[in-house]
There are 2 protein chains.
Amino acid sequence: MKTSLVAVDFHGQGCSECAVRGFSVCASLDQFEMREFEQLSRRSHFASCETVFSQEDITSCFYNLLDGVMRLYKLLPDGRRQIVGFVLPGDFVGMTTEERHGFSADAIGPVTVCQFAKLPFGRFAHDKPNLLRRMNELAVQELNQARDHMVLLGRRSAEEKVATFLVSWRDRLVDLRGPSNIVPLPMSRQDIADYLGLTIETVSRTFTKLERDGIITILPGGVSLRDSARAEALAAA
Amino acid sequence: MKTSLVAVDFHGQGCSECAVRGFSVCASLDQFEMREFEQLSRRSHFASCETVFSQEDITSCFYNLLDGVMRLYKLLPDGRRQIVGFVLPGDFVGMTTEERHGFSADAIGPVTVCQFAKLPFGRFAHDKPNLLRRMNELAVQELNQARDHMVLLGRRSAEEKVATFLVSWRDRLVDLRGPSNIVPLPMSRQDIADYLGLTIETVSRTFTKLERDGIITILPGGVSLRDSARAEALAAA
DNA sequence: AGTTCCGATTGATTCAAATCAAATGACGGG
DNA sequence: CCCGTCATTTGATTTGAATCAATCGGAACT
């Protein structure tokens, strides 16, 4: 069995032992609420590249990622793809009041999710201000990320895009797994290209250039951020 | 006095007569909550091009736009600008748990806002599930818009960008003021360029091309969507 | 009416990234 | 170990949009 590059250990099936308990939506729930909430949730697994939900699907579930990485993306009718985000453990996905998801999600490597049917979840959350506030907080965070990404897509060069991606992906992994300048990249070059609004060739060339400039070292399955100050400078300016 | 192209009539100062009462955040409040809420709010006016708040400002207020149009944008240190959204009456702006706004807002033409100090607003909302759910709904809507905009910025041609912008701007105005194919554009060409990730020259050329192709007619202060089916086709594909 | 000012348009040229086209490299199966 | 497959890298060329550079046009002044 291939182990995930971005694994989080979890031992039981119960929420109290859940790896993600402390920092996901559920962090807002007290002991009693938690017990009820546990009844609504179901663990499921998806294999590498399996689709968790599709943009035209009726929204029937919300998902809390427990382990692995997912990509969220939108497809245009002619096949052009824009990845709107990568999902890491603890991230809450699919929250919407719309009838349809509007974007697709699939697994990058094997994935474990905690799944909630929309209606029972809605009933549960309906009169729980603590949970609603937490959901708000998460939505606002995502919105801020989305706006940052708009700046990147609209106004930055290929080199800035790639450097920004590497730095912010590393920062997310650091939050999750502690500091390291080794940056695992479980997603393909094509995924990175579709996330940054570039082609795969440009991404590849830009990696090579960053390596030539001594900013990164390309490793199998990732990179090492060799000169992270310089990478951060590219990401900021 | 110059009248706003996107005016909404409102007659009194009280929330009950507010033009925006029915579809903004406040739509979720009952009569009694409304009365309390009213105490927290303060009307203010901003002149054309005045800044309502700046990206590095400490978040002290949230804003509900009552009349006029605003632009929300982020600036890079070197001056590059990405407009992350245009704000129309009824839109709720600035909701964040972060210490700083992270983006700037300024008036395009004269603007009236309903303003709430962050802390009292937070206390008021704290245990009001109806309001919290409404805020969630609005945040999720914005997030969906943001993701659509990522697709546009990352994967669409200049012509598609401009057509998409015109169609979706028209749709927002239709929701607000009823059907019409006359599309007022209170923002400058530079604003449109910074929204679409293009230069002003490319926007101008693309307008001209769309007019040559019989899709729009350029009017002072806006355009007429002459062949809205063709514009929508460009926007979709 | 003439002048100034500023936003918008148009034209000429350049350039960054896309496209087209191989070559290379990593991995899994026979 | 060799072969086929597929992802990635590298190279050559094209191209869409950016940049540089005038002009145009409308509104607000005298």
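Computed from a prediction, not measured in an experiment: that's the story for all the values here.
Scored by the ring-ring contact (aromatic ring centres under 6.0 Å, His included) test, B/Phe92 finds B/Phe121 as partners (sequence neighbours excluded).
Protein atom CD1 of B/Ile192 is 14 Å distant from nucleotide atom C1' of C/dT9, rounded to whole Å. Here the C1' atom of nucleotide C/dA8 and the CD atom of B/Gln190 are 11 Å apart, to the nearest Å. Per the geometry, CZ belonging to B/Arg80 stands 13 Å off P belonging to C/dA16, to the nearest Å. Across the protein-nucleic acid pair, A/Phe207 atom CZ and D/dA7 atom P stand 16 Å apart, rounded to whole Å. When rounded to the nearest whole Å, the span between CZ of A/Arg189 and P of D/dT10 equals 10 Å. The separation between A/Leu196 atom CG and C/dA18 atom C1' is 15 Å, rounded to whole Å. Spacing between atom NZ of A/Lys161 and atom P of C/dA18 amounts to 7 Å, rounded to whole angstrom units. Atom-to-atom, CG of B/Leu185 to P of C/dT9 comes out at 11 Å; the value is rounded to the nearest Å.
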*I would like to know whether A/Asp213 and A/Arg226 meet salt bridge (charged side-chain N to carboxylate O under 4.0 Å, His left out); could you show each step before the answer?*
CA-CA 10 Å; A/Asp213 295 350; A/Arg226 170 176 276 274; over 6 Å; no

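Remark: side-chain polar atoms of B/Thr59 are paired, donor with acceptor, to backbone N or O of B/Glu99 under 3.5 angstrom. A donor-acceptor pair under 3.5 Å is absent between the side-chain atoms of A/Arg42 and the main chain of A/Gln115, judged by distance alone.
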Scoring nucleotides 11-28 of chain D by protein non-hydrogen atoms under 4.0 Å (B base, S sugar-phosphate only, - none) yields BB----SSBB--------

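Counting only N and O atoms by type, the side chains of A/Ser228 and A/Asn181 include no donor and acceptor under 3.5 Å apart.
Within 4.0 Å of B/Ser204, counting heavy atoms only, lies at least one base atom of the nucleic acid.
Between atom CG of residue B/Leu88 and atom CG of residue B/Leu176 there is a gap of 6.0 Å, rounded to the nearest 0.5 Å. Atom CE in A/Met187 sits 12.0 Å away from atom CG in A/Asp194 (nearest 0.5 Å).
Taking five base pairs at each end of the helix from C/dA1-D/dT30 to C/dG30-D/dC1, the local helix axes there meet at an angle of 30°, rounded to 10°.
Both the sub-6.0 Å distance and the 45° axial angle are satisfied by A/Arg189 relative to the ring of A/Phe207.
Two rings, from B/Tyr195 and B/Tyr73, have their centers 6.0 Å or more apart.
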